[in-house]
Protein chains: 2
Amino acid sequence: MDRTRPDVIAAAIEQLIFDGTFCDGDRMDEVQLADRFLVSRTPIREALNRLAHSGLVEHVPRRGVFVRQPGPVELMEMFEVMAELEAICARYAASRMTDAALADLREANQRCTKAAQANDPDAYYGHNEAFHQLIYAASCNGFLEGEARKLQRRLQPFRRLQLSLRGRMAQSLSEHDAVLDALSRGDAAEAGRALHSHVAIQGEKFHHLKAILSDKRPPRSGTDPQRG
Amino acid sequence: MDRTRPDVIAAAIEQLIFDGTFCDGDRMDEVQLADRFLVSRTPIREALNRLAHSGLVEHVPRRGVFVRQPGPVELMEMFEVMAELEAICARYAASRMTDAALADLREANQRCTKAAQANDPDAYYGHNEAFHQLIYAASCNGFLEGEARKLQRRLQPFRRLQLSLRGRMAQSLSEHDAVLDALSRGDAAEAGRALHSHVAIQGEKFHHLKAILSDKRPPRSGTDPQRG
DNA sequence: GTCAAACAGATTGTATGCAATTTGGTCGGG
DNA sequence: CCCGACCAAATTGCATACAATCTGTTTGAC
């Protein structure tokens with residue numbers, strides 16, 4: 001994949017937001033970012049435009065761009081939609097996916113199992129992400145797959161956080177099994193229900209966790225060694 | 001709403017694509033567009049970036065941006081997702097919408113009825129769009145509403161086209177009534193089914209029409225009075 | 001003393017110039 | 001005659017300079 005420079009800058013800025021370098025409501029100064037990344041304002045502006053489109057920042061004409069972390073309400077809304085989108089994917093996948101795709105999904109789930117046994121949340125998160133993406137692809141609807149991946153990416157830091165809850169990995173795994181079973185049987189309705197519940201639980205767990213922490217700071221995304 | 005200059009340029013370029021000035025696969029020359037709109041390349045590039053995000057054009061690094069009309073397969077995929085999205089909105093609306101919102105929806109549908117009686121497809125299209133948007137809003141999920149509106153906008157020219165089929169407006173109206181009935185009764189499942197079928201039929205009708213025309217040219221969007 | 005208007009500083013938006021890369025063609029070799 | 005490498009024209013991407021607008025302060029009048 002040919003990543004253009006504004007793309008990598010956008011990813012880096014995204015990390016800065018996740019890292020807490022920029023907090024909700026902060027103005028992203030163009031010259032300051034240009035200075036930080038050793039480029040001119042032009043690619044910075046392009047990167048900010050993309051982030052604005054992705055919803056991470058808000059662009060106010062003649063005022064600048066501001067970090068815009070979703071509030072509790074919007075976050076709940078997004079998880080609600082994510083659950084529905086994944087349910088759609090599961091329903092379509094149940095009747096459309098090939099045996100090979102099912103086998104791939106089983107493999108991905110086994111990798112999740114191993115990560116859970118090793119008590120490695122980072123590895124689990126990665127394999128879990130792949131598991132879900134395989135279901136998106138198995139829907140045999142490229143547009144749906146793309147939308148699901150976009151929202152998954154946007155919810156990434158929040159979905160990740162809830163894995164730190166004790167016993168969550170094991171619970172998540174058993175939910176995966178339910179989805180896998182329904183898909184194996186070609187039971188679209190049940191697959192949809194199972195995956196919807198799986199994702200909805202993630203949203204609830206995140207809210208639970210946030211209530212426990214009772215901390216307004218944005219969540220940290222964890223590892224990302226791309227900047228030295 | 002404060003429309004910035006790249007926004008109006010993006011809308012104008014969109015029209016150029018819908019008008020057939022630019023066809024599928026054409027390269028959008030930056031200097032040519034800059035010359036046409038009497039601005040420099042910078043706002044043109046911003047406008048093209050937004051269109052690329054919206055999916056109307058494709059940006060190939062170091063090559064340029066190309067018009068990218070969705071093919072039959074992708075269009076079918078998008079209608080499939082649109083139907084699912086609207087079904088979700090309807091299900092949520094059935095249990096969440098207020099009496100006032102239901103009254104507004106009834107009014108919108110009455111305007112559709114009047115337009116159909118007057119045999120005015122343009123008016124019908126406008127009121128129909130408002131009808132659907134009211135359901136998005138009635139879902140009480142702002143994020144879902146936004147996503148639905150984005151996809152609706154993208155499918156706009158294709159949804160519009162099928163209204164030219166004889167008897168389609170009357171059929172569409174009766175489908176609206178079914179949705180309205182289910183929503184009045186608070187029957188989420190039935191409301192979802194009815195709206196899903198309504199939108200899916202639109203997709204099918206469009207394909208039908210396209211097969212009749214057997215014309216590869218992109219559809220014309222017709223009127224769009226948003227720009228004075 | 002308070003409010004309003006003007007001014008200064010800062011910041012975004014736009015224009016233009018330059019560098020890097022791609023493409024099409026042409027020339028040379030096999 | 002065909003294939004590969006080099007070259008030039010064109011085009012995108014980036015950097016910088018300038019213009020327009022916004023914000024906060026100050027100054028003046030009431």
Side-chain angles (χ1 to χ4, degrees), chain A residues 1-17 20-69 226-228, chain B residues 1-17 20-69 226-228:
Chain A
M1 188 156 175
D2 219 4
R3 286 167 67 85
T4 111
R5 177 141 35 163
D7 267 328
V8 335
I9 293 177
I13 294 177
E14 208 175 278
Q15 276 312 116
L16 287 180
I17 293 175
T21 307
F22 294 96
C23 298
D24 186 63
D26 282 0
R27 192 175 66 83
M28 314 282 287
D29 194 286
E30 294 179 0
V31 297
Q32 180 183 339
L33 289 170
D35 179 57
R36 177 192 283 265
F37 291 109
L38 302 172
V39 295
S40 85
R41 280 174 51 217
T42 310
I44 297 289
R45 284 175 65 85
E46 274 202 30
L48 290 178
N49 271 331
R50 300 189 192 195
L51 292 180
H53 168 73
S54 107
L56 211 75
V57 302
E58 188 179 11
H59 177 97
V60 182
R62 288 280 178 196
R63 296 287 302 273
V65 303
F66 299 84
V67 180
R68 184 179 168 337
Q69 287 285 21
Q226 79 185 59
R227 284 191 48 71
Chain B
M1 183 149 175
D2 221 6
R3 286 166 66 85
T4 117
R5 177 139 40 163
D7 267 327
V8 334
I9 293 177
I13 293 177
E14 208 174 278
Q15 277 311 116
L16 287 179
I17 294 175
T21 307
F22 293 96
C23 297
D24 187 63
D26 282 0
R27 192 175 66 84
M28 315 281 288
D29 194 287
E30 293 179 359
V31 297
Q32 179 184 339
L33 288 169
D35 179 57
R36 177 193 284 265
F37 291 108
L38 302 172
V39 295
S40 86
R41 281 173 48 217
T42 309
I44 297 288
R45 285 174 64 86
E46 274 203 29
L48 289 178
N49 271 331
R50 301 190 190 193
L51 292 180
H53 168 72
S54 107
L56 211 76
V57 301
E58 188 178 11
H59 176 97
V60 183
R62 289 279 178 197
R63 297 285 304 274
V65 303
F66 299 84
V67 179
R68 185 179 170 334
Q69 288 285 21
Q226 80 186 60
R227 289 190 41 68

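FYI, side chains are in, hydrogens and waters are out, and symmetry mates aren't considered; it's all heavy atoms of this structure. Residue numbers start from 1 in every chain, and the chains themselves are labelled A, B, ... in the order their sequence lines are given, proteins ahead of strands. A quick note: this is a predicted structure, and the numbers were derived from the prediction, not measured.
Across the protein-nucleic acid pair, B:R45 atom CZ and C:dT16 atom C1' stand 14 Å apart, rounded to whole Å. When rounded to the nearest whole Å, the span between CZ of A:F37 and P of D:dA15 equals 13 Å. Taking atom CG of A:L33 as the reference point, atom C1' of C:dT12 lies 14 Å away to the nearest angstrom. For B:I44 and D:dT11, the CD1 to P distance is 15 Å, given to the nearest whole Å. B:D29 places its CG atom 18 Å from the P atom of C:dT22, with the value rounded to the nearest Å. The nearest whole Å value for the distance from the CG atom in B:L48 to the C1' atom in C:dT14 is 16 Å. Rounded to an integer number of Å, the gap from A:R50 CZ to D:dG13 C1' is 11 Å. Spacing between atom CZ of B:F66 and atom C1' of C:dT22 amounts to 11 Å, rounded to whole angstrom units.
Using a 4.0 Å cut-off between charged nitrogen and carboxylate oxygen, B:E46 and B:R5 do not count as a salt-bridge pair.
Note on A:S40: a side-chain N or O is less than 4.0 Å away from OP1 or OP2 of D:dA15. For C:dT14, one of the phosphate oxygens OP1 or OP2 lies less than 4.0 angstrom from a side-chain nitrogen or oxygen of B:R5.
A heavy-atom distance below 4.5 Å is found between the side chains of B:R36 and B:T21. Looking only at side-chain heavy atoms (C-beta outward), B:I17 and B:Q69 come within less than 4.5 Å of each other.
Here the straight-line distance linking atom CD1 of A:I13 with atom CZ of A:R50 works out to 11.0 Å at 0.5 Å rounding. To the nearest 0.5 Å, the span separating OG1 on A:T4 from CZ on B:R62 amounts to 9.5 Å.
Projected onto DNA chain C by closest heavy-atom contact, B:R41 and B:E46 fall at different nucleotides, the more 5' of which corresponds to B:E46. The 5' end of DNA chain D is approached more closely, in terms of each residue's nearest nucleotide, by B:R62 than by the other of B:R62 and A:L38.
Comparing D:dC14, C:dT12, C:dA15 against the side chain of A:P43 picks out D:dC14 as the nearest. Comparing C:dA15, D:dT16, D:dG13 by their nearest atom to the side chain of B:E30 picks out D:dG13. In the set D:dA15, C:dT14, D:dT12, D:dT12 carries the atom at the smallest distance from any side-chain atom of B:R27.
Using a 4.0 Å heavy-atom criterion, one finds that B:R63 contacts the sugar-phosphate atoms exclusively. Within the 4.0 angstrom heavy-atom criterion, only backbone atoms of the sugar-phosphate kind lie near B:V39; the bases stay farther away.
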